[in-house]
Amino acid sequence: MKIRTFIATASLVASGSLVAFSGSAQAALYTTCVGDGGAVTVSNDLVVPAGKSCTLTGTKVKGTVTVEAGADLVAAGATFNGAVNVEEDAYLDLTDSTVKGVLTTDSAFGTHLEKSSLKAVDVTEGFIYAVDSTLGGNVNTSAGELYVSGSTLNGSLTGADNQYSDVYDSTVKGALTVDGNALGGVFCASEVYGAATYSGNADNLQIGGEGLLGSCAGASYFGGNLSVTDNTANSVLDNSIVRGALTATGNNPVLVVGELARVRGAVTGETAAPGDSSAGSARKAAPQDRGADLAERAAERAAEARADAHEAGKSRL
């Protein structure tokens, strides 16, 4: 990998290398990446130009990282000290990596996080697929797809107006809010220690246990109050402990509470036992397919990005 520094008055892109440059004498120096980058330290901001691909292995970036429209950044063992911004139809793939600033995406293709550590996450449109990761701050998602598995969230988790918000084998130390999801959501073998709210969702909600969306091995735990209100989804609560109160009002059909659900606080609203006519009809789907679908989409985009970055590097030889 080559590193070159320029002070230029026009845009400069270097394939197969990291290139630092400035748009003017007064502008801050920044680095572009098109191709493959290795275990070096970038002391300024890093930009993946629109429509280009960059792969980083063991790279440390001290400044802000920007993945411009339609671009791809695939990083392994990387450390980003600043914020990471992912623009329209762009893709971010992080493995064994650390982001110390806020990750923000806006109309991105998606974000895949695996065995990585991040501060806070703010996603508008696009998917976020987080596996075996630690998210240190609040995670806010809207108008996209949310799938979290095997992860720890030290703040709150919000899925607003998503297609779905699914949480598997994870711990949420703050509040959980799932609001207005067109395809509902799954909470499976997981824990939440703040208040949990499911409101205005459609299709199916599976909150622990055997439900409309399939099987869930392992119990779930709600450390505070659980509110399931104003949903048109077929909703099931089962194989869960709710330490606080349960509110179940305005749901049509009403919330089904299974035999393995334990609510320690007061129950407000209307609930039904499995098989009651008021429970509505079950629509079968496979929640694991949502994760498998995201994994496949992420793998395809990452493979394309690696191939494009490799070709860019070859063009500089």
Side-chain angles (χ1 to χ4, degrees), residues 86 89 91-95 103 105 107-116 121 123-133 135 139-153 157-172 176-192 196-218 220 228 231-240 256 280-303:
V86 185
D89 194 39
Y91 176 64
L92 176 68
D93 192 302
L94 301 180
T95 303
L103 166 62
T105 81
S107 302
F109 174 81
T111 301
H112 174 214
L113 310 172
E114 186 162 355
K115 298 179 181 178
S116 293
V121 178
V123 174
T124 302
E125 298 189 25
F127 68 78
I128 179 163
Y129 178 43
V131 181
D132 298 334
S133 293
L135 308 175
V139 176
N140 297 306
T141 69
S142 61
E145 299 163 84
L146 170 63
Y147 189 98
V148 178
S149 176
S151 297
T152 298
L153 294 81
L157 174 62
T158 300
D161 299 319
N162 286 334
Q163 291 188 46
Y164 56 84
S165 297
D166 291 352
V167 180
Y168 287 83
D169 190 28
S170 295
T171 298
V172 180
L176 170 68
T177 303
V178 178
D179 179 68
N181 284 232
L183 299 178
V186 177
F187 191 84
C188 172
S190 296
E191 304 172 18
V192 56
T197 302
Y198 287 84
S199 179
N201 301 288
D203 200 56
N204 291 306
L205 286 176
Q206 179 180 328
I207 308 172
E210 300 283 340
L212 302 173
L213 291 173
S215 175
C216 175
S220 292
V228 184
N231 298 287
T232 58
N234 290 290
S235 306
V236 173
L237 169 65
D238 203 1
N239 200 14
S240 299
V256 174
S281 61
R283 286 170 285 177
K284 290 290 185 180
Q288 64 271 24
D289 288 350
R290 302 210 275 221
D293 174 66
L294 288 184
E296 182 177 356
R297 287 157 58 188
E300 288 178 355
R301 183 79 178 235

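Heads up: numbering here begins at 1 and tracks the sequence. No hydrogens, no waters, no symmetry mates; every other heavy atom, side chains included, goes into these values. From a predicted model like this one, the values you see are computed outputs, not experimental measurements.
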Engineer: List in chain and number order the residues that pass side-chain hydrogen bond (donor to acceptor under 3.5 Å, both in side chains) with R301, two or more places apart in sequence or in another chain; answer none if no residue qualifies.
Structural biologist: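 Counting only residues at least two positions away or on another chain, R301 forms a side-chain hydrogen bond (donor to acceptor under 3.5 Å, both in side chains) with D72.
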Engineer: Who passes ring pair (Phe, Tyr, Trp, His ring centres under 6.0 Å) against F127, sequence neighbours left out?
Structural biologist: F109
Engineer: Can any side-chain N or O of S151 pair as donor or acceptor with the backbone N or O of S170 at less than 3.5 Å?
Structural biologist: no
Engineer: Output all residues satisfying side-chain hydrogen bond (donor to acceptor under 3.5 Å, both in side chains) with E125, sequence neighbours left out; order by chain, then residue number.
Structural biologist: none
Engineer: Rounded to the nearest 0.5 Å, how far does OG1 of T171 lie from CG of L135?
Structural biologist: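 Reported value, rounded in 0.5 Å steps: 11.5 Å.
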Engineer: Measure the spacing between CG of D238 and CD1 of I207 and express it to the nearest 0.5 Å.
Structural biologist: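 Interatomic distance, D238 CG to I207 CD1, rounded to 0.5 Å: 11.0 Å.
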Engineer: How long is the span from the CG atom in L176 to the CD atom in E191, to the nearest 0.5 Å?
Structural biologist: 13.0 Å
Engineer: Apply ring pair (Phe, Tyr, Trp, His ring centres under 6.0 Å) to Y198 and list each qualifying residue two or more places apart in sequence or on a separate chain.
Structural biologist: none
Engineer: Is there a side-chain contact (heavy atoms from CB on, under 4.5 Å) between N201 and V178? Walk through the geometry before answering.
Structural biologist: CA-CA 8 Å; N201 301 288; V178 178; 3.7 Å; yes
Engineer: Scan side-chain atoms only and decide if S165 and N181 contain a donor-acceptor pair under the 3.5 Å cut-off.
Structural biologist: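 Per modelled atom types, S165 and N181 side chains form a pair under 3.5 Å.
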Engineer: Quick one: do V236 and Q206 satisfy side-chain contact (heavy atoms from CB on, under 4.5 Å)? Show the steps, please.
Structural biologist: CA-CA 5 Å; V236 173; Q206 179 180 328; 5.5 Å; no
Engineer: Answer yes or no: is there a side-chain heavy-atom contact under 4.5 Å between L205 and N234?
Structural biologist: no
Engineer: Answer yes or no: is there a side-chain heavy-atom contact under 4.5 Å between V131 and L113?
Structural biologist: no
Engineer: Which residues pass the side-chain hydrogen bond (donor to acceptor under 3.5 Å, both in side chains) test with S240, sequence neighbours left out?
Structural biologist: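 So S240 forms no side-chain hydrogen bond (donor to acceptor under 3.5 Å, both in side chains) with any residue.
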Engineer: Does the side-chain contact (heavy atoms from CB on, under 4.5 Å) test come out yes or no for Y91 and H112, once each step is laid out?
Structural biologist: CA-CA 8 Å; Y91 176 64; H112 174 214; 3.4 Å; yes
Engineer: For the residue pair Y147 and Y168, is the inter-centroid distance of their aromatic rings smaller than 6.0 Å?
Structural biologist: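 Ring centroids of Y147 and Y168 are less than 6.0 Å from each other.
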Engineer: When you measure from the side chain of S133 to the backbone N and O of T152, does any donor-acceptor pair fall under 3.5 Å?
Structural biologist: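 Here the side-chain-to-backbone pair does not exist.
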Engineer: Nearest 0.5 Å, what's the CD-CG distance between E114 and D132?
Structural biologist: 6.5 Å
Engineer: Is a side-chain donor or acceptor of S220 paired with a backbone partner of A189 at a separation under 3.5 angstrom?
Structural biologist: yes
Engineer: side-chain contact (heavy atoms from CB on, under 4.5 Å), that's the test. Do I128 and V121 meet it? Break it down for me.
Structural biologist: CA-CA 10 Å; I128 179 163; V121 178; 3.6 Å; yes
Engineer: Nearest 0.5 Å please: distance from the OG1 atom of T177 over to the CG atom of L157.
Structural biologist: 8.0 Å
Engineer: Contact between T141 and N162 at the side-chain level, heavy atoms closer than 4.5 Å - yes or no?
Structural biologist: yes
Engineer: Do R290 and D166 meet the salt-bridge criterion of a basic N to acidic O distance under 4.0 Å?
Structural biologist: yes
Engineer: Hey, is the main chain of A108 close enough, under 3.5 Å, to the side chain of D89 for a donor-acceptor pair?
Structural biologist: no
Engineer: Between S199 and N231, is there a side-chain donor-acceptor contact under 3.5 Å, judged purely by atom types and distance?
Structural biologist: no
Engineer: To the nearest 0.5 Å, what is the distance between CG (L294) and CG (L146)?
Structural biologist: 9.5 Å
Engineer: Quick one: salt bridge (Lys or Arg N to Asp or Glu O under 4.0 Å) partners of D179, sequence neighbours excluded?
Structural biologist: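 For D179 there are no salt bridge (Lys or Arg N to Asp or Glu O under 4.0 Å) partners, ignoring immediate neighbours.
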Engineer: Determine yes or no for a side-chain-to-main-chain donor-acceptor pair under 3.5 angstrom, with D203 supplying the side chain and A182 the backbone.
Structural biologist: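 Not a single qualifying donor-acceptor pair exists.
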